[in-house]
Amino acid sequence: MRGHADAVANILLQTTIVDLPDDWNVERFSLLADELARAGHEVTARNRDEATDDSVLSVLNTLDYDQLWLMAVDTGHGLSPGDAAGIMRFRERGGGVLTARDHQDLGSCLTCLGSIGQLNHFHNQNPEPHARRDDQDNPNISWPNYHSGANGEYQRVTADEPAHELLRTDRNPSGRIEWFPAHPHEGAVSAPTEYDFAQVVGRGRSTVSGRTFNLAVALDGETTADGRPVGRAVACSTFHHFADMNWDIDAGAPSFVTEPPSDEMKRDPSRLEVFKDYVRNIARWLGTHAERNANATENGVRVPRSAALAEG
């Protein structure tokens, strides 16, 4: 939302794969990184280490980050137990987390992240009740695979009223963001009934089956077993809401992306500019409860983020 003084956050934009040029490496989210930086935030963009435990994620709670934007682009083994533990400790000390995955089992490493994992449904882990194939165009991709449109198109967003603050904007008469980037096979996220701190942010509708599916779920007000508050979180149905190719079809994609793109967004970029308020809203919202852990030490000395990255 424009006209709002945002607090500056230190954001780690991270993928769950090593640097593979013909894959969803972090360079394919450069426009997202630029947008966050343009909003005044400090952004570090990186891929996962080759090591068993990632040198940053596994000690994330000791570093000087406020937020983790985790693009779960792996096929199921993108986080080690040490990585997961570091992320969980990061939330426990107030860090905000955004996760984004995709169809079938893409990003299913997220199931190791406690409540965040329970929001995410995959083909073989934590499956949706009554799950079935949605996208009919690509037989190599199974459910969940909600078809919201072609890459390069927009999809209409519906939401309960009053709209969650992540969807608010002053650029539309409605006061909320009405369009997201589309994708032929989005994943599945939900707000489990036992989580009274989970809320569906917005919903899409399949262009194939007409089924409604959730685009994002927010966690706010969660506590640890001993009653301490943890950081806010957002679980997104697909990382394609944030990928370069879905904001600019000329940015290119990995060679295994075979679906023909649309030029709708290229012909009418105005709705994309409104959608970018969603990105800014998330960064503001996650930062609200993010607190740097002044007590995190290593051998009695605070670990600077730059030093940890250099060691990694």
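One-based numbering along the sequence shown. Note that the structure is predicted; figures quoted are calculated from it, not measured.
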May I ask you to decide if the ring planes of [X] and [Y] are parallel, tilted or perpendicular, using 30° and 60° as cut-offs?
X: Tyr278; Y: Phe180; result: tilted
X: Trp69; Y: Phe242; result: perpendicular
X: His240; Y: His183; result: parallel

Same cluster (ILVMFWY, side-chain, under 4.5 Å), Leu31 and Leu36: yes

In one Ile/Leu/Val/Met/Phe/Trp/Tyr side-chain cluster, 4.5 Å: Ile249, Phe239: no

Test item: side-chain donor near acceptor, [X] and [Y], under 3.5 Å:
X: Asn151; Y: Asn246; value: yes
X: Asn172; Y: Ser174; value: no
X: Asp105; Y: Asn124; value: yes
X: His147; Y: Ser206; value: no
X: Gln125; Y: Thr111; value: yes

Backbone of [Y] reached by a side-chain donor or acceptor of [X] within 3.5 Å:
X: Asp49; Y: Ser55; value: yes
X: Arg205; Y: Gly210; value: yes
X: Asn47; Y: Asn25; value: no
X: Asn138; Y: Asn140; value: yes
X: Asp54; Y: Val56; value: yes
X: Arg133; Y: Ile141; value: yes
X: Arg176; Y: Val157; value: yes
X: Arg48; Y: Gly78; value: yes

Non-hydrogen side-chain atoms of [X] and [Y] separated by less than 4.5 Å:
X: Thr44; Y: Ile11; answer: no
X: Thr16; Y: Leu70; answer: yes
X: Cys109; Y: His77; answer: no
X: Asp74; Y: Leu106; answer: no
X: Asp248; Y: Met265; answer: no
X: Asp277; Y: Arg171; answer: yes
X: Leu57; Y: Gln14; answer: yes
X: Leu219; Y: Leu119; answer: yes

Under 4.5 Å side-chain linkage, directly or through intermediates, the cluster mates of Leu20: Val18

Rounded distance [0.5 Å steps], [atom1] in [X] versus [atom2] in [Y]:
X: Phe90; Y: Leu113; atom1: CZ; atom2: CG; result: 12.0 Å
X: Leu272; Y: Glu264; atom1: CG; atom2: CD; result: 11.5 Å
X: Glu165; Y: Asp220; atom1: CD; atom2: CG; result: 8.0 Å
X: Arg168; Y: Trp285; atom1: CZ; atom2: CH2; result: 11.5 Å
X: Leu167; Y: Asn281; atom1: CG; atom2: CG; result: 8.0 Å
X: Leu79; Y: Ile87; atom1: CG; atom2: CD1; result: 5.0 Å

Of the non-hydrogen atoms in [X] and [Y], which two are nearest, and what is the gap between them?
X: Cys112; Y: Ala84; result: SG-CB, 3.5 Å
X: Arg91; Y: Ser115; result: NH1-OG, 3.2 Å
X: Thr224; Y: Glu92; result: CG2-CG, 4.0 Å
X: Val208; Y: Asp134; result: CG1-O, 3.5 Å
X: His123; Y: Pro144; result: N-CD, 3.7 Å
X: Gln104; Y: Ser142; result: OE1-N, 2.8 Å

Electrostatic pair [X]:[Y] at N-O distance under 4.0 angstrom:
X: Glu273; Y: Lys276; value: yes
X: Glu35; Y: Arg38; value: yes
X: Glu178; Y: Arg271; value: no
X: Arg46; Y: Asp19; value: no
X: Arg28; Y: Asp244; value: no

Asp250 and Lys266: CA distance, side-chain angles, deciding distance, side-chain contact (heavy atoms from CB on, under 4.5 Å) verdict: CA-CA 9 Å; Asp250 294 332; Lys266 188 174 183 179; 2.9 Å; yes

Side chains of residues 186-202: which donor-acceptor partners sit under 3.5 Å, not counting sequence neighbours?
residue: Glu186; atom: OE1; partner: Ser237; partner atom: OG; Å: 2.6
residue: Glu186; atom: OE1; partner: His241; partner atom: NE2; Å: 3.1
residue: Glu186; atom: OE2; partner: Ser148; partner atom: OG; Å: 2.7
residue: Glu186; atom: OE2; partner: Gln155; partner atom: NE2; Å: 2.6
residue: Ser190; atom: OG; partner: His121; partner atom: NE2; Å: 2.7

Derivation and outcome, side-chain contact (heavy atoms from CB on, under 4.5 Å), residues Val26 and Met71: CA-CA 8 Å; Val26 78; Met71 302 294 120; over 6 Å; no

From CA spacing to verdict: side-chain contact (heavy atoms from CB on, under 4.5 Å), Arg101, Asn120: CA-CA 9 Å; Arg101 36 74 64 90; Asn120 284 274; 3.2 Å; yes

side-chain contact (heavy atoms from CB on, under 4.5 Å) evaluation trace for Arg203 with Phe213: CA-CA 6 Å; Arg203 300 178 181 87; Phe213 64 97; over 6 Å; no

Asp22: side chain to side chain donor-acceptor pair (under 3.5 Å) partners, not counting sequence neighbours: Ser255

Ring-ring centroid check His185 Trp143, cutoff 6.0 Å: no

Partners passing side chain to side chain contact (heavy atoms under 4.5 Å, CB included) against Ser58 (at least two apart in sequence or in another chain): Asp53, Asp83

With Trp179 via ring pair (Phe, Tyr, Trp, His ring centres under 6.0 Å) - residues at least two apart: none

Those residues that, when tested against Tyr154, pass ring pair (Phe, Tyr, Trp, His ring centres under 6.0 Å) (two or more places apart): none

